[in-house]
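Beneath this line is the structure, given in structure tokens, with notes to follow.
Everything quoted here is computed from the prediction, not taken from an experiment.
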Amino acid sequence: MMLSSSVTSALRSRSHDLLNVERNATRQFEMVRRWMSVRPPAKDDSTPAPPRKKVTIQTLRNLRQSKTPITMVTAYDYPTALACSSTPLTDITLVGDSLAQVCLGYSSTTQLTLSEMVHHAAAVARGTTHPFIVADMPFGTYCTSTSDAIRNAVRLMQEGRVEGVKLEGGAEIEHVVRRLTDVGIPVMAHVGLLPQRHAALSGYKVQGRSVDGARKVLHDALTLEAAGAFAMVVEAVPQELGKYITERLKVPTIGIGAGPHTSGQVLVYDDLLGTWSGHKAKFVRRFANIKEVRDNGIEAYAKAVRDGTFPDPQKESYSMENGEWERFMSSDIGKVPSTPDPSTPKRERKVSFTSKLARHLSLSSKSRSEGKPSRANSTKASSPSTPSTPDSIKPAQKTPIRRVKPKDTANKLQKAPSLSSPAKGSKLEVPKFDTPSDKVEAPKVAEAPKGEALKVETLKIEDPKDEEPIIVTPVEPIFASPSLPPTQPRKTQSRSFAFIRPGAVIEKAQKAEIEMPINNQVEDAQADVAGANLDGEIGTQSTGNFVFAHFMVGNTYPYTIDDWYEDIRLAAAHKIDGFVLNVGREDWQRQRCTDAFAAAKRLPESVSFKFFFSFDMSSIPGNGINDVQLFRDYMNAHGKSPRMFRHPRGGAVVSTFSGENSTFGQGSMENGWTYLKNELNKITPIYFIPSFFVNPSRYHNIPSMDGAFNWNGGWPLQLHSGMARHDIQNFTLDSDYGHLENLGDSRTFMGAVSPWFFTHYGPDTWNKNWIYRGDDWLFVKRWEQLISLRHRIDMAQIISWNDYGESHYIGPIKGAQPNSQAWVDGYDHQGWMHLNAYFATAFKTGCYPNITKDQIYMWARPHPKEANSSDRVPRPNNWQLADDTAWVIVLARATGTLDCYTTPHESSKQTFTLQPGLNKISFPLRPDGGMRAVLMRDGEVAAECTPVGYRYESRPGVYNFNAFVAMSN
């Protein structure tokens with residue numbers, strides 16, 4: 001649908017040059033819709049660039065070919081990683097198992113566990129810039145079976161964030177190396193002296209000194225190279241043998257005690273810096289004596305403390321202004337407080353409600369486990385001072401609570417008991433409490449009559465240890481149904497509770513997590529709770545993880561309230577908590593947002609679907625002080641709505657796309673956003689989570705930020721067509737870590753997840769024509785990464801619901817497309833929306849949902865990447881990154897097989913074995929063929945996916961790198 005020329009398009013860009021081109025296009029073309037784009041992080045001139053580009057396996061091959069010696073150094077934690085990255089001359093950082101001795105004090109490397117290695121590797125990864133990161137696989141982690149080896153190597157790469165693993169051994173581990181490399185795990189082999197086998201070798205002895213010994217080392221090296229090792233560590237062999245092995249191999253050799261003729265050298269960090277006081281091997285050279293400097297420094301510090309010269313009262317201490325100390329000492333504050341009166345009633349103690357709640361539940365659980373009656377579960381008569389139960393709500397038999405036995409170990413956590421969930425017609429155990437009183441109202445179970453809801457007046461919590469009850473004035477209060485436990489071990493086990501406001505009518509309450517230790521230290525137990533949003537009141541949502549979808553309001557010009565309602569219901573049904581409304585400067589978009597909020601009012605109260613705004617700063621002017629008015633208009637209209645998402649830490653969430661160049665007339669970006677946030681705070685408290693394309697190290701200097709959104713985190717932007725195929729197919733998504741490190745624990749991080757990216761505008765319109773690699777099950781792999789980090793990332797944003805111009809939509813195709821019909825029409829992506837529900841549930845609850853139905857999801861591009869077309873717009877940039885492959889995800893209830901076809905004939909069938917749970921399958925496509933997948937179990941068809949109308953065209957009419965997405969019924 002075309003609009004009048006008054007409706008302009010706001011264009012986005014990935015670089016400053018592209019942004020200028022698109023701004024010119026905006027002035028020349030008055031288009032129907034605004035559209036959004038992805039841009040790489042802007043260069044920050046104030047921050048020095050990394051000293052060197054990231055080293056890859058291809059870099060190491062090039063160094064070997066040019067006969068440039070390769071440098072490898074071990075590192076064990078963040079500081080040693082920083083040291084290894086301090087010079088551009090370091091090529092590889094090895095997280096060596098020598099950390100067992102030099103860091104952990106073990107007598108040998110064989111005592112190191114995989115968990116310890118993962119812990120240290122992750123610290124090294126956080127401190128590494130350009131070096132390639134390799135980690136030793138500890139003793140015993142790759143010898144039992146290839147499946148164990150793969151599982152342990154994957155853990156090292158996912159949790160330890162390394163880029164390759166090193167295995168000690170010879171021809172006997174050839175099958176392990178081959179299997180690891182087959183599944184895409186880079187392996188560095190290690191021959192010669194094998195420290196992990198020092199006991200079997202009767203010590204650390206030079207290898208290969210005899211003819212037979214030399215032949216064995218050479219044979220081991222050649223065998224492991226043939227198995228796929230990308231590099232070879234050669235340790236403690238004669239230099240002649242080290243040179244000969246280097247000449248025979250085609251992969252780089254890294255020597256340690258193998259002479260000067262290998263492709264590179266490696267030394268242990270503590271050996272080369274002189275901090276290790278143990279045995280010094282012949283091949284070790286001390287390049288510094290850090291131990292002497294370290295020991296002298298510690299001794300000097302201790303002496304200064306002992307003799308009173310540290311700290312210096314003038315140079316190293318703080319003082320008060322003149323007269324302040326005297327005024328302090330003369331005031332009542334400066335007087336020594338008297339001893340508290342022991343007769344003070346216990347109920348007057350000022351203890352936080354959350355602490356008392358945690359303590360109450362912990363002690364109640366302990367009382368039950370010891371067979372003692374707990375006041376929280378007693379059956380006392382109602383106190384006269386407590387409002388009596390209404391006649392319409394009859395007391396019923398108390399529902400038993402599952403017994404929880406406390407653990408002896410104080411550090412271990414256990415689920416706290418929970419009561420039944422409040423709802424119409426359901427039973428609810430209610431501890432009734434009123435104002436401070438000597439009498440206590442015991443908990444009761446009440447049943448609300450049909451069609452009515454239970455009304456709770458006031459609440460109180462008892463302390464079984466005290467003779468008198470502890471009176472509290474809760475903001476909210478009652479327990480709800482427990483949440484599912486996390487699938488992976490965490491520092492705490494969590495249990496969900498719902499909370500209501502005093503006097504509120506309970507129909508369906510939201511949940512909030514409470515982390516509760518059950519141990520002897522109950523005095524210090526703390527509960528993290530949040531208020532509920534009931535009866536239309538404005539409150540905070542429950543704590544936990546949230547999933548939102550980015551929604552382009554610029555594509556909704558023809559939308560009605562009914563259209564909004566359909567999208568909202570569809571998103572909520574697939575575990576999406578709300579829409580992030582991307583808005584620009586056009587006035588009509590404000591009315592569409594009003595329609596969205598109106599549609600949400602139709603939802604049942606049980607559906608907690610929310611919105612927040614993402615102000616598109618590639619469209620909205622942000623230079624003058626008057627530009628703040630647009631923000632005020634949106635927040636005045638909707639900032640206090642119960643459907644506005646309010647972060648558990650407080651405030652209505654506001655986000656942006658870009659904005660790093662906006663000053664709002666305040667002279668700088670930092671001052672400009674502080675001014676804007678202060679203005680919006682006058683309307684309603686704001687929780688600001690922008691997507692600024694700046695170096696994350698600048699976050700410390702932007703006080704307005706309550707968090708950050710890494711817009712580009714969902715795509716492998718670092719890939720380019722000049723890279724080796726292995727590197728393209730084994731990409732990593734690492735950009736989140738820099739944001740997390742610079743935000744710290746006090747600010748929120750929102751992660752991006754996206755299934756695809758392709759845009760195809762010619763130079764006569766917006767000149768946007770490129771892809772990001774979406775192969776390798778990108779959507780699934782990114783979700784798995786976010787789920788593994790859910791304890792650090794509490795918000796995920798799907799890009800997108802309806803951005804058709806960039807092909808990453810998961811919602812239905814509707815509204816007004818931004819002239820993207822050529823590559824969007826006929827390419828429905830709602831299969832991704834269905835698949836998204838599986839991962840969104842795991843991200844929010846910490847538990848993957850049970851698979852009750854076999855389901856197949858399958859997607860592929862519509863033509864080979866090298867196919868020729870008469871399209872006036874050429875192939876997209878980076879087209880070489882794609883693979884001519886069909887990507888399949890199977891959610892299987894039980895074991896089975898998947899038969900995949902590219903033609904109707906049996907000759908094209910490929911069969912894959914399925915395990916219960918999630919399975920990732922891929923198979924090559926055939927030009928002018930199709931794709932089909934059939935799940936077989938016990939000789940019968942359990943599920944089938946046959947995309948109707950799909951053909952892998954050898955001669956496409958247009959270049960279309962969008963995805964055709966299908967799913968089984």
Side-chain angles (χ1 to χ4, degrees), residues 57 60 72-77 80-81 92-104 106 108-125 128 131-201 204 220-221 223-225 227-236 251-254 256 266 268-269 730 732:
I57 293 175
L60 301 176
M72 183 161 79
V73 183
T74 63
Y76 311 113
D77 52 22
T80 53
I92 307 173
T93 294
L94 171 66
V95 190
D97 57 6
S98 50
L99 75 86
Q101 295 163 295
V102 300
C103 288
L104 302 181
Y106 294 147
S108 75
T109 60
T110 59
Q111 297 170 297
L112 185 71
T113 67
L114 179 63
S115 294
E116 289 169 332
M117 174 58 79
V118 168
H119 174 80
H120 284 266
V124 170
T128 299
F132 189 81
I133 309 175
V134 178
D136 271 320
M137 291 196 69
F139 176 76
T141 60
Y142 54 94
C143 302
T144 54
S145 68
T146 54
S147 59
D148 283 345
I150 293 173
R151 185 182 305 108
N152 295 331
V154 167
R155 185 181 173 195
L156 258 178
M157 297 190 72
Q158 287 186 335
E159 298 180 34
R161 294 173 51 202
V162 302
E163 296 158 312
V165 296
K166 183 165 77 68
L167 277 64
E168 293 185 13
E172 72 281 358
I173 65 167
E174 180 267 346
H175 66 292
V176 178
V177 174
R178 187 177 300 279
R179 188 72 184 96
L180 289 175
T181 56
D182 284 347
V183 299
I185 298 174
V187 174
M188 175 182 283
H190 184 141
V191 299
L193 173 61
L194 308 177
Q196 292 181 359
R197 304 185 189 182
H198 70 280
L201 297 172
Y204 302 93
D220 289 343
T223 301
L224 297 180
E225 178 191 41
F230 73 87
M232 193 78 54
V233 170
V234 184
E235 181 170 0
V251 299
T253 57
I254 310 296
I256 176 168
V266 58
V268 172
Y269 179 91
N730 293 276
T732 57

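Interatomic distance, Asn730 CG to Met157 CE, rounded to the nearest 0.5 Å: 7.0 Å. With values rounded to the nearest 0.5 angstrom, Met137 atom CE is found 9.5 Å from Gln196 atom CD. One distance of note links CE of Met188 with CD1 of Ile92; it measures 4.0 Å at 0.5 Å rounding. Note that CG of Leu167 is 6.0 Å distant from CG of Leu180, once rounded to the nearest 0.5 Å. With rounding to the nearest 0.5 Å, the separation of OG1 in Thr74 from CG in Asp97 is 10.0 Å. Rounding to the nearest 0.5 angstrom, the gap separating the CG atom in Leu156 from the OG1 atom in Thr141 is 7.5 Å.
Counting only residues at least two apart or on different chains, no salt bridge (charged side-chain N to carboxylate O under 4.0 Å, His left out) pair has a member in residues 109-118.
Met232 has its side chain within reach of Val191: a pair of non-hydrogen atoms, C-beta onward, lies under 4.5 Å apart. Put simply, the side chain of His175 reaches to within 4.5 Å of the side chain of Thr146, judged on heavy atoms. Put simply, the side chain of Leu99 reaches to within 4.5 Å of the side chain of Met117, judged on heavy atoms. Side-chain contact between Val134 and Met72 is absent, with no heavy-atom pair separated by less than 4.5 Å. Side-chain contact between Leu193 and Tyr204 is present, with at least one heavy-atom pair separated by less than 4.5 Å.
Across every non-hydrogen atom of Ser145 and Ser147, the tightest pair is OG-OG, 3.0 Å. Shortest non-hydrogen contact noted between Ala229 and Val177 is N-CG1, 4.1 Å. Looking at every heavy atom in both residues, Ile133 comes nearest to Glu163 through N-OE1, 2.7 Å. Contact detail for Val176 and Ala149: the closest heavy-atom pair is CG1-CB, 3.7 Å. Considering all non-hydrogen atoms of both residues, Ser108 and Gln101 come closest at CA-NE2, 3.9 Å. When all heavy atoms of Val162 and Ala135 are compared, the pair lying nearest together is CG1-CB, 3.7 Å.
Side-chain atoms of Asp220 come within 3.5 Å of backbone N or O of Ala171 as a donor-acceptor pair. Judged by distance alone, with hydrogens and angles left aside, the side-chain atoms of Glu225 form a donor-acceptor pair with the main-chain N or O of Val251 at under 3.5 Å. The backbone N or O of Pro131 sits nowhere less than 3.5 Å from a side-chain atom of Thr128 that would complete a donor-acceptor pair. Between the Tyr76 side chain and the Ser98 main chain, no donor and acceptor come within less than 3.5 Å of each other. Side-chain N or O atoms of Thr181 include none that pairs as donor or acceptor with a backbone N or O of Val187 at under 3.5 Å.
Applying the ring-ring contact (aromatic ring centres under 6.0 Å, His included) rule to Phe132 yields the partners Phe230; only residues at least two apart in sequence or on another chain are considered.
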**OP:** List the steps and the verdict of side-chain contact (heavy atoms from CB on, under 4.5 Å) for Gln111 and Leu104.
**Re:** CA-CA 10 Å; Gln111 297 170 297; Leu104 302 181; over 6 Å; no
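Side-chain contact, Thr80 with Asp77: a donor N or O sits under 3.5 Å from an acceptor N or O. Between Thr113 and Ser115, the side chains place no donor N or O within less than 3.5 Å of an acceptor N or O (distance only, hydrogens not considered).
Look at Glu172 and Arg197 and you find a salt bridge, because one of the NZ, NE, NH1 or NH2 atoms lies within 4.0 Å of a carboxylate O, short of that distance.
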